[in-house]
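Input: a single structure, listed below in structure tokens.
Note that the coordinates shown come from a computational prediction; the quantities given were computed from them, not determined experimentally.
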Number of protein chains: 2
Amino acid sequence: MNEKNHENCPLTQALLVIGGKWKPLIISHLQKSPKRFGQLHTLIPKLSRKVLTSQLQELTRDKLITRHSYAETPPRVEYRLTEKSKELVPIFQSMSKWGMYLIDKKIIEEREDN
Amino acid sequence: MNEKNHENCPLTQALLVIGGKWKPLIISHLQKSPKRFGQLHTLIPKLSRKVLTSQLQELTRDKLITRHSYAETPPRVEYRLTEKSKELVPIFQSMSKWGMYLIDKKIIEEREDN
DNA sequence: CGTATTTGTTACCTCAAAGTAACTACTTTT
DNA sequence: AAAAGTAGTTACTTTGAGGTAACAAATACG
């Protein structure tokens, strides 16, 4: 953040690429093994197919995932992380850990409210 | 991500709180020292005062920052990180590092394009 | 032949987030 | 009296992200 200014701030750059509402979630789901379009949709049901498509396209464009399409029928398409995005996994894990702490706190506060 | 499902996913919880477009940036700027409203606005010029206000209010509500108002004239208001959000700083630092790598790659790719 | 499956696309609509600009309140300086 | 500086708020408008629903293509199955 000490950097020049707004423009070339690395954090801003990173957020441009992974700042989407669903992208961290998608990347997290791909961390263990490649997943198909339909699997991702099942894992994140609140995410519509249209938006899932667009997020996957953007992630592919930015080279955070690769798309492997198998000429089977019915068609099968798998998405997997690239080396670039594998480095993000521990970051999202930390964030997840922090989120868990948030949930705990929330439960405590709810208790105190009663 | 292995967790139950969508609802209580810790990463989703975390993203609810820090997922805002500007929040990671604001938190990063506060990491070294408390900052005033106007300072933050100068540091992130693309962020309008109205939105800065709303983001600061949300962060305060979620107890990621505290607001200290001094009865001087002209008024002075300082925002500082709480213990809760200080744990986020290393996460954003990693993300920033990753963003720097992105920028480097971009430069290399531009060179290759020529 | 008609239906199901899978991975999308396309068109249309909606709503919340963000932008703009004007106004407030308090006090010091000119 | 008026302007300047700080930290907002309020009202109005705009933008774009996201939702819904229908359709496409290829093949297998009954």
Side-chain angles (χ1 to χ4, degrees), chain A residues 6-7 9 11-12 14-30 33-62 64-81, chain B residues 5-7 9 11-12 14-27 29-30 33-62 64-81:
Chain A
H6 31 300
E7 289 323 326
C9 162
L11 184 54
T12 302
L15 289 172
L16 280 176
V17 174
I18 54 168
K21 193 171 170 182
W22 304 103
K23 287 177 184 173
L25 224 41
I26 293 172
I27 292 172
S28 291
H29 279 298
L30 293 178
S33 58
K35 297 273 184 310
R36 306 177 56 170
F37 182 88
Q39 287 180 303
L40 286 171
H41 188 225
T42 307
L43 285 165
I44 320 176
K46 287 189 180 170
L47 178 53
S48 73
R49 280 182 308 161
K50 182 197 133 182
V51 175
L52 178 54
T53 299
S54 73
Q55 301 294 296
L56 289 171
Q57 283 173 350
E58 288 179 22
L59 286 170
T60 305
R61 183 201 61 199
D62 294 332
L64 299 193
I65 61 174
T66 52
R67 183 181 187 276
H68 301 268
S69 162
Y70 301 86
E72 303 174 356
T73 164
R76 182 161 63 100
V77 180
E78 278 184 0
Y79 296 93
R80 59 186 66 192
L81 296 187
Chain B
N5 251 351
H6 31 299
E7 289 322 325
C9 163
L11 183 55
T12 302
L15 289 172
L16 280 176
V17 173
I18 53 168
K21 195 170 168 183
W22 304 105
K23 288 177 185 174
L25 224 42
I26 293 171
I27 291 172
H29 279 298
L30 292 179
S33 58
K35 296 272 184 310
R36 306 176 56 169
F37 182 88
Q39 288 180 302
L40 286 170
H41 188 225
T42 306
L43 286 165
I44 319 174
K46 287 189 183 172
L47 178 55
S48 72
R49 280 184 307 161
K50 182 197 135 182
V51 176
L52 178 54
T53 300
S54 73
Q55 301 294 297
L56 290 172
Q57 283 173 350
E58 288 179 23
L59 286 170
T60 305
R61 182 201 61 198
D62 294 332
L64 299 193
I65 61 174
T66 51
R67 184 182 186 274
H68 300 268
S69 160
Y70 299 88
E72 302 174 356
T73 165
R76 182 160 64 98
V77 179
E78 277 183 1
Y79 295 92
R80 60 186 67 193
L81 296 187

Ignoring backbone atoms, test whether B:S48 places a side-chain nitrogen or oxygen under 4.0 Å from the OP1 or OP2 oxygen of C:dG19.
-> yes
Between B:I26 and B:L43, does a side chain to side chain contact (heavy atoms under 4.5 Å, CB included) hold up when you go through it step by step?
-> CA-CA 9 Å; B:I26 293 171; B:L43 286 165; over 6 Å; no
Nearest-nucleotide check on DNA chain D, B:E78 vs A:P74; residue mapping nearer the 5' end is B:E78
Donor-acceptor pair, side chain of A:K23 and main chain of A:K21, under 3.5 angstrom | no
The side chain of B:F37 lies closest to which of these nucleotides: D:dT10, D:dG8, C:dT6?
-> D:dG8
Which is true for A:K21 with a 4.0 Å heavy-atom rule: it touches a base, it touches only sugar-phosphate, or it touches nothing?
-> sugar-phosphate
Atom-to-atom span, NE2 of B:H68 to P of D:dA7 - whole angstrom = 15 Å
Rounded to whole Å, the CG-P distance (B:L52 to D:dT9) equals 11 Å
Could you tell me the separation between the CZ atom of B:R49 and the C1' atom of C:dA17, rounded to a whole number of Å?
-> 18 Å
What's the CG-P distance between B:L47 and C:dT20, to the nearest Å?
-> 11 Å
Would you kindly compare A:T53 and A:P75 by the position of their nearest DNA chain C nucleotide and give the one closer to the 5′ end?
-> A:P75
Is a donor-acceptor pair below 3.5 Å formed from side chain A:K50 to base D:dG18, judging by atom type as modelled?
-> yes
Under 4.0 Å: is that the gap between some side-chain N or O of A:Q39 and OP1 or OP2 of C:dT6?
-> no
When the distance from NZ of A:K35 to C1' of C:dT6 is rounded to whole Å, what number comes out?
-> 18 Å
Could you please spell out the steps behind the side chain to side chain contact (heavy atoms under 4.5 Å, CB included) verdict for B:I18 and B:D62?
-> CA-CA 10 Å; B:I18 53 168; B:D62 294 332; over 6 Å; no
pair A:H29-A:L40: side-chain heavy atoms closer than 4.5 Å | yes
C:dT7 OP1/OP2 closer than 4.0 Å to side-chain N/O of A:R36 = yes
Any chance you could lay out the side chain to side chain contact (heavy atoms under 4.5 Å, CB included) test for B:L47 and B:L25, step after step, and finish with the verdict?
-> CA-CA 10 Å; B:L47 178 55; B:L25 224 42; over 6 Å; no
From CZ of B:R67 across to P of D:dT6 the rounded distance in Å is 16 Å
Rounding to a whole Å, what distance do you find between B:K46:NZ and C:dT20:C1'?
-> 18 Å
Short side-chain N/O contact to D:dT27 OP1/OP2 from A:Y70, under 4.0 Å = no
Look at B:R76 and D:dG8 and indicate whether a side-chain polar atom (N or O) is within less than 4.0 Å of OP1 or OP2.
-> no
Which is true for B:Q57 with a 4.0 Å heavy-atom rule: it touches a base, it touches only sugar-phosphate, or it touches nothing?
-> sugar-phosphate
B:Q55 side chain near C:dA18 phosphate (N/O to OP1/OP2, under 4.0 Å) = yes
Could you state the CD-P distance from A:E72 to C:dG8, rounded to the nearest angstrom?
-> 13 Å
